[in-house]
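Below is one structure; the comments refer to it alone.
Whatever order the structure lists them in is the order used to number ligands and atoms, beginning at 1.
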Amino acid sequence: MNQHLSPPPVPFIDIAAQRARLGTAIEAAVSRVLAHCQFINGPEVAELEAKLAAFCGARHVIACASGTDALLMVLMAKGVGPGDAVLCPSFTFCATGEVVAMLGATPVFVDVDEATFNMDVVSLKRGIATAKRLSLKPVAVIPVDLFGQSADHDAIAAIAREEGLFVLDDACQAFGASYKGRRLGTFGLATATSFFPAKPLGCFGDGGAIFTDDAAFAEILRSIRVHGQGTDKYDNVRLGLTGRLDTMQAAILIEKLKIFEGEILARHAAAERYTQALADVVTVPRLAEGCDSIWAQYTIRLPGHIDRGQFAAALKAKGVPTAIYYPKSMHQQTAYRNFPVTDNGLPVSEKLSRDVISLPMHAYLDEPTQARVIEAVRAAVST
Ligand SMILES: *Cc1c(COP(=O)(O)O)cnc(C)c1O
């Protein structure tokens with residue numbers, strides 16, 4: 001053996017390991033769809049919706065084409081538009097605020113909590129006041145369960161109730177996580193999730209779902225999913241989208257859902273090992289009281305004297321990839337710079353954008369591989 005040969009790079013998310021574990025189940029599921037040829041609205045779509053509902057406890061599930069469409073369709077169903085303000089955290093993936101702006105409404109960006117990375121309820125209150133001062137009508141809040149950790153849903157619900165807002169939970173990174181013992185998908189008016197391959201429950205392409213307990217609202221969402229169709233197929237009663245989930249992706253997700261509970265436990269174990277091994281050298285993620293995470297990302301913060309770019313380069317040299325979610329908060333991005341932010345600014349979002357970094361994280365992160373990541377992190381911060 002050539003002892004200078006370095007081991008292969010660690011995958012950031014190991015989709016191939018999951019693929020191997022699923023074995024021929026995926027091929028069989030895809031073959032069934034190829035045999036029945038119902039590529040749109042095939043039986044697997046309704047089957048998946050029922051299984052997702054049972055999994056998280058939501059009454060109604062509407063599978064759709066992406067997490068972004070899931071968010072958009074809820075806002076469309078509520079008639080959100082010009083003059084309306086929707087409160088969003090700035091430290092998030094862009095789709096959270098994008099769907100608001102796309103409908104001509106105004107995203108009003110609020111700050112996040114430094115320890116949990118999730119919406120800061122004090123900043124949310126200030127943001128509502130900011131919106132009113134700007135003569136906008138606050139209509140909704142979109143808490144994000146960032147990196148897989150549930151937001152503080154009780155505190156957000158209390159403010160929403162007080163202010164007459166509806167809550168759309170952006171759980172695109174967090175399906176499988178829970179809040180005070182209840183799975184996400186059951187908080188607020190509706191919850192959106194994504195099945196993008198890198199999400200904790202991913203398909204082999206784009207996909208998403210909406211969860212709601214409101215039967216009438218679910219019917220509107222089903223109509224929007226297909227161009228706003230009414231009971232007469234050729235009399236469309238509202239504006240809609242081509243927002244469906246492909247049967248093929250539904251068939252794949254049914255197989256993946258079978259192993260998801262086990263994967264959740266494996267993610268918890270991997271996160272716990274990181275926390276045990278790194279808490280003394282970097283700021284490790286913290287779960288708030290009552291909150292649980294599916295660990296879509298394991299995101300750390302570096303001590304002040306460590307340069308993030310150099311840290312990432314040092315890990316990369318050892319075959320350990322990292323990622324920065326998010327180097328710019330939404331209000332710092334070109335397309336969103338002119339939207340309002342809560343009155344006293346977003347100092348925490350800006351600070352996090354400067355110093356967070358995410359480590360490899362997935363359900364197949366075995367101990368020897370993880371030890372390599374841990375060793376590389378410890379070496380890089382001790383120099
Ligand atoms: C991934 C993601 C989305 C969008 O999901 P897509 O399926 O990629 O459209 C929305 N919000 C958050 C927070 C996300 O992480």
Margin query: Rounded to the nearest 0.5 Å, what separates atom CG in Asn338 from atom OG1 in Thr106?
Written below: 11.5 Å
Go through ligand 1 atom by atom and flag the ones less than 4.0 Å from a non-hydrogen atom of [X].
X	answer
Ser66	7 (O), 9 (O)
Ser194	5 (O), 6 (P), 7 (O)
Cys172	2 (C), 3 (C), 10 (C), 11 (N), 12 (C), 14 (C)
Thr92	13 (C)

Notebook entry, point to check: Hey, is ligand 1 close enough to Gly67 that some N/O pair sits below 3.5 Å?
Noted result: yes
Notebook entry, point to check: Side chains of Glu44 and Gln249: do they bring a donor and an acceptor to under 3.5 Å?
Noted result: no
Notebook entry, point to check: Side chains of Tyr179 and Asp152: do they bring a donor and an acceptor to under 3.5 Å?
Noted result: yes
Margin query: Applying a heavy-atom cut-off of 4.0 Å, say which part of Asp170 lies close to ligand 1: side chain, backbone, both or neither.
Written below: side chain
Check: Applying a strict 4.0 Å limit to heavy atoms, is Val144 in contact with ligand 1?
Finding: yes
Item checked: Hydrophobic cluster partners of Val381 (side-chain heavy atoms under 4.5 Å) -> Val10, Tyr274, Leu278, Val281, Val282, Val284, Leu287, Trp295, Tyr298, Ile300, Leu302, Ile306, Phe311, Leu315, Val320, Ile324, Ile357, Leu359, Met361, Leu365, Val373, Ile374, Val377
Margin query: I'd like the name of whichever of Gln297, Glu98, Gln173, Lys199 reaches closest to atom 2 (C) of ligand 1 through any heavy atom.
Written below: Lys199
Notebook entry, point to check: For atom 4 (C) of ligand 1, what's the nearest protein heavy atom and its distance?
Noted result: Thr68 OG1, 3.5 Å
Note to self: Hydrophobic cluster membership, with links at side-chain heavy-atom distances under 4.5 Å among I/L/V/M/F/W/Y: are Val348 and Leu146 in one?
What the structure shows: yes
Notebook entry, point to check: Mind checking what makes ring-ring contact (aromatic ring centres under 6.0 Å, His included) contact with Phe195, not counting sequence neighbours?
Noted result: none
Item checked: Side-chain ion pair, Arg19 and Glu27, N-O less than 4.0 Å -> yes
